[in-house]
Amino acid sequence: MLLAIDVHYQAGRANAVCVAFEHWESELLHSSTSVVLENLAEYEPGAFYRRELPCILALLDMPPVPLSSAQALIVDGYVWLGEDDRPGLGYHVYEALGRQVPVVGVAKTRFSPLSRQVREVLRGTSGNLLFVTSCGLPADVAADYVRHMAGPHRVPTLLRQLDQLTRQWPAPLPPLA
């Protein structure tokens, strides 16, 4: 089982979603789980993980998420940042999970300067790259997995569906107190 996680922010809240699928080439989701969180940390440039990591860990702690059987976890972002290979969100997730589950970061935006760990992946007919990094799995292997994920577009079909699910809040949001 593979897991992919993304978080969408709106009005001081976060909608964290995890999707599960059978293998890298899967075209269909096996399942999805979401949680809405409040009391978020402020966004800090260069320390995005401080805001996102608690959302991801809260989601992974939910009973329906099959973390114990996960072959890998995909995050929307980087595992390594910059020429000096600073830890990014994916690395912090990897550490928080006790280095038990490989983490693959798939980013749509170039973080300059690029880490030596980044693999640029071109998919579909798009001329735009995806930027793949990983922990617990060789970078070339992770990039090859992402390159062969289902879908004709730059962003693999299941990661696109995940992004759409994060934007569909589970219930109308009441006003913040």
Side-chain angles (χ1 to χ4, degrees), residues 1-21 26 28-67 70 72-82 86-97 101 103-112 114-115 118 121 123 126 128-135 146 149-151 153-177:
M1 187 72 55
L2 296 161
L3 303 176
I5 292 183
D6 197 3
V7 181
H8 180 71
Y9 300 92
Q10 178 183 325
R13 296 184 173 109
N15 186 25
V17 177
C18 176
V19 296
F21 49 100
S26 292
L28 300 173
L29 296 177
H30 178 271
S31 62
S32 67
T33 305
S34 67
V35 64
V36 174
L37 301 153
E38 298 182 9
N39 303 318
L40 307 172
E42 291 295 318
Y43 170 73
E44 255 183 84
F48 175 62
Y49 75 91
R50 289 188 181 148
R51 183 178 197 195
E52 189 112 343
L53 184 62
C55 300
I56 290 172
L57 295 179
L59 182 61
L60 290 174
D61 206 27
M62 294 180 66
V65 175
L67 184 59
L73 176 68
I74 302 166
V75 297
D76 179 18
Y78 283 89
V79 174
W80 302 107
L81 300 168
R86 291 185 318 278
L89 172 64
Y91 178 81
H92 291 285
V93 171
Y94 183 66
E95 285 293 315
L97 298 178
V101 179
V103 175
V104 175
V106 179
K108 295 176 281 301
T109 305
R110 174 184 284 278
F111 185 93
S112 292
L114 284 178
S115 160
V118 171
V121 173
R123 288 180 36 91
S126 173
N128 294 322
L129 295 167
L130 291 175
F131 304 93
V132 178
T133 49
S134 62
C135 270
V146 171
M149 289 180 78
H153 303 291
R154 172 185 180 223
V155 177
T157 299
L158 296 182
L159 299 185
R160 183 180 292 216
Q161 287 177 352
L162 171 61
D163 181 68
Q164 291 168 349
L165 288 171
T166 65
R167 296 168 196 279
Q168 296 172 6
W169 292 80
L173 295 176
L176 288 172

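This chain uses plain numbering: 1 for the first residue, then up along the sequence.
Residue G105 comes nearest to V79 through the heavy atom pair N-CG2, 3.6 Å, listed as atom of the first residue, atom of the second, then distance. Here the shortest heavy-atom pairing between C18 and L59 reads N-CD2, 3.3 Å. The shortest non-hydrogen separation linking W80 to T133 is N-OG1, 3.9 Å. When all heavy atoms of R110 and S112 are compared, the closest pair comes out as CD-OG, 3.2 Å. Residues S26 and A150 approach most closely at O-CB, 3.3 Å, considering heavy atoms. Residues A14 and W169 come closest through the heavy atom pair C-CH2, 3.5 Å.
Note that NE2 of H8 and CD of Q164 are 12.5 Å apart. Values are rounded to the nearest 0.5 Å. Note that CG of L40 is 9.5 Å distant from CZ of R13, once rounded to the nearest 0.5 Å. Rounded to the nearest 0.5 angstrom, L97 CG and L57 CG are separated by 6.5 Å. Rounding to the nearest 0.5 Å places NE2 of H153 at 13.5 Å from CG of N128. Atom-to-atom distance recorded for L130:CG and R154:CZ is 5.0 Å, nearest 0.5 angstrom. If you take CE on M149 and CZ on F21, they are separated by 4.0 Å, rounding to the nearest 0.5 Å.
Between Y91 and V93, every side-chain heavy-atom pair lies at or beyond the 4.5 Å cut-off. For the pair N15 and L165, the minimum side-chain heavy-atom distance is 4.5 Å or more. Here the side chains of V17 and L162 are in contact, with some heavy-atom distance below 4.5 Å. H30 has its side chain within reach of M1: a pair of non-hydrogen atoms, C-beta onward, lies under 4.5 Å apart. The shortest side-chain heavy-atom distance between V19 and L158 does not fall under the 4.5 Å cut-off. You'll find the side chain of K108 reaches within 4.5 Å of the side chain of D76, heavy atoms only. Contact annotation: the side chain of Y94 never approaches that of S134 to less than 4.5 Å [non-hydrogen atoms, C-beta and beyond]. Contact annotation: the side chain of I56 approaches that of V7 to within less than 4.5 Å [non-hydrogen atoms, C-beta and beyond].
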Worksheet item: For V106 and L159, what are the C-alpha separation, side-chain angles and deciding distance, and is it a side-chain contact (heavy atoms from CB on, under 4.5 Å)?
Response: CA-CA 9 Å; V106 179; L159 299 185; 4.2 Å; yes

Item to complete: Determine, stepwise, if the pair L73 / V104 fulfils side-chain contact (heavy atoms from CB on, under 4.5 Å).
Response: CA-CA 6 Å; L73 176 68; V104 175; over 6 Å; no

Worksheet entry | side-chain contact (heavy atoms from CB on, under 4.5 Å) evaluation trace for I74 with L3 | CA-CA 6 Å; I74 302 166; L3 303 176; over 6 Å; no

Discussion item. Please evaluate residues V35 and M62 with respect to the criterion side-chain contact (heavy atoms from CB on, under 4.5 Å), reporting the C-alpha separation (whole Å), side-chain torsions for both, the decisive distance (0.1 Å), and the verdict.
Written reply: CA-CA 9 Å; V35 64; M62 294 180 66; 3.6 Å; yes

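Geometrically, R86 does not engage Y78 in a cation-pi contact defined by less than 6.0 Å to the ring centre and at most 45° from the axis.
The backbone N or O of V146 sits less than 3.5 Å from a side-chain atom of R123, completing a donor-acceptor pair.
If you check the side chains of E52 and Y43, you find no donor sitting under 3.5 Å from an acceptor.
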